[in-house]
Colleague: 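First, the structure itself, so that you have it in front of you.
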Number of protein chains: 2
Amino acid sequence: MAAQQRQVTLTEVARAAGVSTATASRAINGSSRRVSEDIAARVKRTAEELGYLPNLSAQTVAKGASPTVAVLLSDIADPYFSAIASGIMAGASEAALMVTMAASERSGARELQMLRTFRSQHPRAIIVAGSRDEENTHSPEVTAALRAYAETGGRVVVISQGPSPFDLVDIQNHDGARKLAHALLDRGGAHFGVVSGRVTLHTNADRINGFRTGLAERGHTLADDAIVEAEFTRDGGYVGMQELLARREDLGAPLDTVFVTSDMMAFGAATAIRDHGLSVGADISLAGFDNVGLTQDVTPAMTSVEIPLHEVGRSAVRMALGSGTEPAHLAVQTHVVLRASTPQR
Amino acid sequence: MAAQQRQVTLTEVARAAGVSTATASRAINGSSRRVSEDIAARVKRTAEELGYLPNLSAQTVAKGASPTVAVLLSDIADPYFSAIASGIMAGASEAALMVTMAASERSGARELQMLRTFRSQHPRAIIVAGSRDEENTHSPEVTAALRAYAETGGRVVVISQGPSPFDLVDIQNHDGARKLAHALLDRGGAHFGVVSGRVTLHTNADRINGFRTGLAERGHTLADDAIVEAEFTRDGGYVGMQELLARREDLGAPLDTVFVTSDMMAFGAATAIRDHGLSVGADISLAGFDNVGLTQDVTPAMTSVEIPLHEVGRSAVRMALGSGTEPAHLAVQTHVVLRASTPQR
DNA sequence: TTGAAAGCGGTACCAG
DNA sequence: CTGGTACCGCTTTCAA
């Protein structure tokens with residue numbers, strides 16, 4: 001094994017090029033570039049030859065901030081978050097920023113812990129995308145940590161959180177669900193049901209309310225007992241749909257169209273419908289939300305509401321870099337994608 | 001907006017607690033903990049009161065290495081990678097490490113660029129998970145960069161790359177495909193086809209060869225013209241399957257079972273089969289690889305080969321922390337999961 | 001334009 | 001066990 005070689009430092013480059021470290025610094029990472037062409041060239045060349053690589057930590061400690069954006073989300077394995085993460089990484093790459101990422105796994109304690117670690121890093125911005133799954137807008141502790149960070153000059157961008165004291169990328173869940181209701185009515189839906197993740201989550205509440213609003217605008221109503229709450233997971237969707245079907249049968253109430261508040265849940269729900277001996281589409285129209293990639297590959301293809309998740313991520317980074325003194329606010333529009341799971345009836 | 005407050009520093013804590021920075025450092029981030037109970041407690045308390053947060057960059061520059069693992073993958077939006085990433089983040093969290101992540105988007109130039117950035121960070125380890133999609137094991141430049149990093153004391157862990165001069169988490173693609181062939185033969189498959197991503201990719205080559213080996217072990221063969229190459233994406237699967245179906249029909253050759261070398265492609269392939277007027281399962285048995293979560297939610301549920309991706313990620317981190325001087329090597333077993341897309345025939 | 005030198009926030013060796 | 005201090009690698013006044 002090769003001897004533990006040390007990294008080449010700026011000082012070494014400077015000496016090799018016969019200039020001061022100050023000049024070398026200006027030549028290589030030049031801010032107020034005031035170095036003569038030839039010297040700059042020479043320094044860069046020697047840096048290249050020696051294989052010099054700037055020490056980011058040293059730069060950070062000297063400058064006070066790291067060329068980094070920190071991302072907190074609840075679960076990167078969830079396609080919803082991985083799509084956002086993908087956009088964030090793209091945006092960061094465009095802005096020559098690094099990305100530090102951590103998953104809270106839906107644990108508040110962990111979330112707080114990661115936030116502390118993030119703060120220790122002095123990133124340019126902290127992007128929080130995990131809150132769709134959290135009970136509260138933010139726990140007071142989290143808000144406090146975020147605020148403390150903001151007060152030391154950091155930028156906080158929150159994705160999908162309704163009103164926020166921080167920069168906000170606001171996904172139009174309410175409006176999307178509202179438009180979905182209209183579309184489903186247009187397709188002949190008459191007896192609606194909803195399977196939702198916990199309604200204490202803003203996202204779910206917004207989607208349900210939007211859906212209800214959309215129905216109401218056309219003179220339809222959504223019975224309270226036609227809304228089933230379950231876990232915000234694929235399995236939750238399965239269980240929730242079972243429950244909904246059972247309830248409707250017990251009441252002898254008709255049911256032809258079900259809105260499930262997320263695609264992941266909807267996939268589970270579709271399976272539940274089949275296991276119940278019914279057909280998705282023919283018997284029960286089924287629509288999800290998020291328009292995850294596979295909505296078009298399941299059978300029947302699933303109607304959903306598209307959120308431009310990748311763009312959401314990129315926008316978040318751009319906001320993080322914005323210079324506005326006021327917290328910015330960006331409304332991200334959603335739109336309905338009709339597919340075979342909600343045929344004309 | 002609150003005035004730009006500065007972060008509390010160790011020096012301030014030390015002064016407030018009436019001790020030297022040396023002692024404060026030992027008390028708070030104690031390495032060779034040799035501080036009296038009471039003083040340590042006092043220091044910690046004042047740190048708490050002042051809201052002190054260590055400056056990670058300063059620690060890094062002083063110590064020479066950052067408590068970080070850097071992850072390079074090709075596309076976090078791909079469930080394959082996001083599952084690995086999830087495991088990595090879990091492993092990192094367990095080891096109190098941060099995670100820096102970047103996506104190469106399958107661009108060699110970008111990959112090299114991100115590697116440079118990673119090296120600038122002095123992370124404890126670099127984990128490369130993107131290579132399944134790269135043409136070569138590694139481009140010489142990438143290997144050189146990795147080697148240079150390793151020579152400065154860094155640890156490199158490669159996921160799924162066949163022989164490697166670095167630590168390796170070796171996913172048993174060949175063996176998995178081989179076992180899949182056996183399973184499909186047991187289900188009565190007789191006329192096989194394969195839709196694959198580019199065979200210049202190790203992963204695809206291994207899977208095809210494994211499949212062929214499995215068939216051969218039972219006296220079956222796989223015709224060369226029964227293998228179609230396409231893009232390693234969902235759409236590639238669609239196109240590839242179209243091509244395969246067309247070819248077989250042109251030749252008047254029978255086809256009852258198709259192995260697609262990834263689930264993503266298989267989802268596209270399933271749609272192609274349907275668009276061709278055939279039924280997945282009844283007419284054509286279809287199997288994928290990776291056992292992505294949704295394999296069980298599509299209809300019919302898709303037979304696949306499971307890779308314990310989350311564990312792969314965690315293992316990668318553990319290897320990264322390993323102290324062995326020799327490059328370590330971990331074989332990760334895969335196993336067949338039979339579902340409705342490959343019924344008994 | 002270039003160089004000297006004072007930090008940036010911590011760590012760790014060396015005395016005491 | 002504690003404090004003094006050199007130093008980690010780089011940036012940035014301040015002079016020259």
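Residue numbering restarts at 1 for every chain, and letters A, B, ... go by the order of the sequence lines.
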Colleague: Side chain of B/Lys63 only, heavy atoms from C-beta on: which candidate in D/dC10, C/dA4, C/dA12 is closest?
Modeller: C/dA12
Colleague: Give a yes/no on whether any side-chain N or O of A/Asn55 is located under 4.0 angstrom from OP1 or OP2 of D/dC8.
Modeller: no
Colleague: Looking only at the side chain of B/Gln59 (C-beta and beyond, no hydrogens), which of the listed nucleotides C/dG10, D/dG9, D/dG3 gets closest?
Modeller: C/dG10
Colleague: Between D/dC10, D/dT12, C/dG10, which one does the side chain of B/Leu10 approach most closely?
Modeller: C/dG10
Colleague: To the side chain of B/Thr9, which of C/dA4, C/dG9, C/dT11 is closest?
Modeller: C/dG9
Colleague: Counting side-chain heavy atoms from C-beta on, which of C/dG10, D/dG9, C/dT2 comes nearest to A/Arg26?
Modeller: C/dT2
Colleague: Mind checking if B/Ser57 touches a base, just sugar-phosphate, or nothing, with heavy atoms under 4.0 Å?
Modeller: nothing
Colleague: Mind checking if B/Leu53 touches a base, just sugar-phosphate, or nothing, with heavy atoms under 4.0 Å?
Modeller: sugar-phosphate
Colleague: In whole angstrom, give the distance that lies between atom CG of B/Leu56 and atom P of C/dC8.
Modeller: 19 Å
Colleague: When you get a sec, tell me which of D/dC10, C/dT11, D/dT12 is the closest nucleotide to the side chain of A/Ala22?
Modeller: D/dT12
Colleague: Would you mind reading off the distance between B/His122 atom NE2 and D/dG9 atom P, rounded to a whole angstrom?
Modeller: 8 Å
Colleague: If you assign B/Asp38 and A/Thr21 each to the DNA chain D nucleotide with the nearest heavy atom, which residue ends up on the more 5' nucleotide?
Modeller: B/Asp38
Colleague: Taking salt bridge (charged side-chain N to carboxylate O under 4.0 Å, His left out) as the test, write out the residues that go with A/Arg42, two or more places apart.
Modeller: none
Colleague: Does a side-chain N or O from B/Ser36 land closer than 4.0 Å to OP1 or OP2 of D/dT2, or not?
Modeller: yes
Colleague: Rounded to whole angstroms, how far apart are CD1 on A/Ile28 and C1' on D/dC10?
Modeller: 11 Å
Colleague: Does OP1 or OP2 of C/dT2 have a side-chain N or O of A/Thr23 closer than 4.0 Å?
Modeller: no
Colleague: Over the length of the helix from C/dT1-D/dA16 to C/dG16-D/dC1, how much do the five-pair end axes diverge, rounded to 10 degrees?
Modeller: 40°
